[in-house]
Amino acid sequence: MKLNLSKLNRTEGISIDIVERELEELGSHLELESHRYEKAVSKLDKFINHLSENMENRYVDDEL
């Protein structure tokens, strides 16, 4: 894909460097958000397991 860079007053080499740098920054941001998501999912999983255990214990206690 060719870009018309003359309107931007930039050379192709400089523009590619800028795009590569921005892609690296976006990749780092995506990695950070991915870790945050995984941490939130892990906490939610633990919470649901805890609730499930409590519900099972209540059900057993009610049967006795």
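Quick note: residue numbers are just sequence positions, from 1.
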For residues 46-54, please give each side-chain donor-acceptor pair under 3.5 Å, one per line with the distance, not counting sequence neighbours.
{"from": "Asn49", "atom 1": "ND2", "to": "Asp45", "atom 2": "O", "distance (Å)": "3.3"}
{"from": "His50", "atom 1": "NE2", "to": "Asn54", "atom 2": "ND2", "distance (Å)": "3.3"}
{"from": "Ser52", "atom 1": "OG", "to": "Ile48", "atom 2": "O", "distance (Å)": "3.0"}

Can you name the residues that form a side chain to side chain contact (heavy atoms under 4.5 Å, CB included) with Glu38, not counting sequence neighbours? Ser34, His35
What's the separation between atom CZ in Arg21 and atom CD in Glu24, rounded to the nearest 0.5 Å? 9.0 Å
